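These notes are about the structure you will find just below.
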Amino acid sequence: MNPLKKLLEKVEPSFREGGKLHKFWPVYDGFATFLFVPGHPTHKGSHIRDGIDLKRTMVSVIFAMMPALLFGIYNVGYQHYLALGQESGLVENMIYGLIKVLPLIVVSYAVGLGVEFAFCVIKKHQINEGFLVSGMLIPLVVPPDMPLWMVAVATVFAVVIGKEVFGGTGMNVLNPALTARAFLFFAYPAFISGDKVWVSLGGEKAVDGFSGATPLSQFITQGPAIKNPVGGDIGFIDGFIGLIPGSIGETSTLAILIGAAILIFTGVASWKIMFSVFAGGYLTATLLNLLAGHFPDNPYLTIEPHWHLVFGGFAFGAVFMATDPVTAAQTPLGKLIYGFLIGVITIVIRVLNPAYPEGMMLSILFMNVAAPLIDYYVVQANIKRRLKRVTAKAA
Amino acid sequence: MSTETAVAQKEKEALFSAKRRKLITDPLNDTNPVTVQVLGICSALAITVQVKPSLFMFGGVLFVLALGNVIVSLLRNLIPSRVRIIAQLVIVAALVIVVDLVLKAYAYDMSKQLSVFVGLIITNCIVMGRLEAFALGNKWWPSLLDGIGNAMGYGLILVIVAAARELFGSGTLLGFKIIPAAFYEMGYVNNGFMILPPMALVVVGIIIWVQRSRNKKLVESN
């Protein structure tokens with residue numbers, strides 16, 4: 001028999017009621033169900049349990065994030081050596097990227113799970129896998145040089161204020177990973193916005209003419225004529241592949257689309273939301289692009305709509321953040337409206353508000369708050385329509 | 001007959017009887033105007049970036065609330081019920097103008113910093129709430145105690161919120177550096193979110209959370 005399972009069975013009695021460590025039953029339960037399929041019986045009547053439980057959902061999302069994560073790690077190293085003007089191969093890039101990204105992941109998971117376990121022990125809740133995805137998303141949406149203690153503070157804020165005060169996993173109004181990012185964005189703006197933070201120099205001197213500006217912040221001043229950190233041109237394909245400065249996981253639209261395919265294929269995330277975010281963004285960007293000639297002092301208007309979709313966090317937000325099943329709208333029509341408005345608001349913030357070159361985070365958080373309202377009106381409209389049918393028959 | 005007994009009872013009651021002491025102590029916890037009645041939130045969010053302005057705000061509200069309570073209580077049998085709101089407003093407005101002028105004369109910087117929020121004491125829900133709910137139905141001495149108690153409950157929350165925001169947002173308390181320079185050299189950075197009003201709401205929320213988990217009386221059963 002599996003020695004791990006033996007160990008779990010051995011220590012189980014001390015966590016049961018009356019045991020010495022009963023207080024920590026949620027911790028034991030969390031570990032045991034994480035490692036093995038639980039043998040929990042149903043309590044009321046007989047049910048068939050669906051194979052796709054919360055754990056498998058979460059693991060699918062983690063799996064879908066792997067391409068973006070691996071590419072992000074590679075890109076951190078690639079941008080580093082590019083900025084220093086040094087030749088580097090795949091291995092060197094990956095090693096430098098791992099040195100930067102791995103601590104972020106470890107801190108995010110350690111702090112987040114620590115807080116979650118503490119809450120479960122105090123409130124005597126079951127621990128569930130809610131933080132597995134958030135813990136991976138947080139490192140992916142920050143710049144590579146983000147100080148670790150800030151990530152820790154933001155994670156505590158996101159888990160406590162963003163999730164536990166509402167009642168834990170499944171009850172939160174706001175996406176926890178984006179709550180953490182918004183906290184960092186407003187609390188420590190010097191470390192997560194501007195031109196200095198997106199390329200990790202590691203304390204060394206960059207080549208002459210180096211600029212760490214992201215494509216989005218260059219759009220504000222010079223329109224589509226954007227450069228990479230050492231002055232080379234960036235085109236649509238570069239934005240799609242993703243060898244550009246930015247937050248760790250968001251640069252490569254290609255890697256994100258692979259993840260999207262996994263999510264849609266496994267049925268974990270809603271294709272309706274992803275599709276409508278892209279549709280809303282594309283349509284708004286098209287409209288604003290048509291106005292470009294009339295307002296020559298806003299170069300952001302000249303960005304073509306398909307560029308909007310591959311630069312910045314648009315694709316990442318659409319695929320991994322907007323589709324969070326807890327904070328998104330639940331009704332099919334509501335999902336379409338919710339996603340569409342995320343796309344619209346993102347582009348409006350990007351183009352029309354010069355203070356924010358990126359609007360994905362704020363628009364998703366905003367629509368998270370509005371999602372229950374959308375659902376309410378969708379359900380009400382449905383009730384009204386059906387009621388009409390009934391009364392028509394009766395008459 | 002009945003009036004006589006009422007007078008006799010009043011003479012028996014000590015100036016600081018247990019019941020009257022509760023008028024001061026209750027608003028600090030069980031009936032706190034900010035965290036339990038959720039009144040006066042607007043100023044609690046707006047002027048709590050630093051401790052000093054919130055102390056001045058506390059002083060202003062203490063003055064207006066205590067004196068307003070006493071005046072309304074003394075006039076309560078003269079004010080016709082249907083014009084009582086406007087009468088209260090006149091009294092409160094007069095007191096607020098006094099506070100405003102005193103601040104302008106003796107603490108001009110603070111007056112500038114508090115700006116419109118001094119004038120907005122007039123519409124502070126706590127003031128109107130206590131006048132309506134307490135001073136209109138009680139004698140002047142309990143009204144005074146009630147006014148002082150509620151102003152202190154308000155000031156207490158104000159100062160706690162302001163202390164948290166100033167400490168983490170600017171690293172100071174009352175303008176003195178609290179967080180040592182060595183911390184900054186090690187990479188500590190002040191939390192800019194603390195200076196923004198939304199964080200004041202979060203801090204007030206955390207205070208309510210802590211208070212309710214310590215004081216089970218306040219938790220509604222549903």
Side-chain angles (χ1 to χ4, degrees), chain A residues 103-104 107 115 118-119 121-124 142-143 145-168 171-174 176 178-194 196-197 202-203 355-356 361-362 365-366 368-369, chain B residues 34-36 38 41 44-46 48-50 157 160-173 178-216 218-222:
Chain A
L104 289 173
V107 166
V115 175
F119 265 89
V121 170
I122 294 170
K123 303 216 133 188
K124 300 187 174 58
V142 297
D145 271 341
M146 199 78 208
L148 295 177
W149 71 269
M150 290 181 187
V151 176
V153 173
T155 308
V156 171
F157 181 85
V159 175
V160 176
I161 303 294
K163 201 159 91 175
E164 292 301 338
V165 293
F166 294 105
M171 314 289 274
N172 45 312
V173 179
L174 299 171
L178 276 182
T179 310
R181 192 179 198 277
F183 180 86
L184 290 171
F185 184 81
F186 289 108
Y188 310 111
F191 293 83
I192 196 167
S193 56
K196 304 272 183 290
V197 299
Y356 295 107
M361 169 181 80
L362 294 174
L365 285 175
F366 183 70
N368 279 171
V369 176
Chain B
V34 182
T35 59
V36 178
V38 198
I41 289 288
L45 303 190
T48 51
V49 176
Q50 287 165 335
I157 302 302
I160 295 175
V161 175
R165 289 180 73 191
E166 190 175 350
L167 183 62
F168 293 113
S170 327
T172 57
L173 275 181
I178 297 290
I179 294 177
F183 269 48
Y184 290 101
E185 279 156 26
M186 277 158 60
Y188 178 80
V189 183
N190 285 327
N191 189 328
F193 202 8
M194 275 290 180
I195 298 177
L196 304 173
M199 204 58 186
L201 199 64
V202 173
V203 175
V204 172
I206 292 174
I207 294 175
I208 294 177
W209 183 11
V210 171
Q211 190 190 10
R212 284 180 163 231
S213 56
R214 292 167 59 99
N215 191 344
K216 294 287 179 212
L218 298 175
V219 182
E220 307 90 344
S221 55
N222 54 354

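Note that the structure is predicted; figures quoted are calculated from it, not measured. Hydrogens, waters and symmetry mates are skipped; everything else that's a heavy atom, side chains included, is used.
Contacts of B:V202 with chain A are made by side-chain atoms alone, with heavy-atom separations under 4.5 Å and no backbone atom involved. Heavy atoms of B:I195 lying under 4.5 Å from chain A are absent altogether.
Counting heavy-atom neighbours within 6.0 Å of B:F168 CZ, excluding the residue itself, gives a total of 12 or less. Enclosure of atom OH in B:Y188 by more than 12 non-hydrogen atoms of other residues, nucleotides or ligands within 6.0 angstrom is indicated.
Ring-plane geometry between A:F183 and B:F193 is classed as perpendicular, the angle between the planes exceeding 60 degrees on a 0 to 90 degree scale with a lower cut at 30.
With chain B as the partner, the residue from A:A190, A:P189, A:A187 showing the most heavy-atom pairs under 4.5 Å is A:A187.
Going from atom CZ of A:R181 over to atom CG of A:L362 covers 9.0 Å, rounded to the nearest 0.5 Å.
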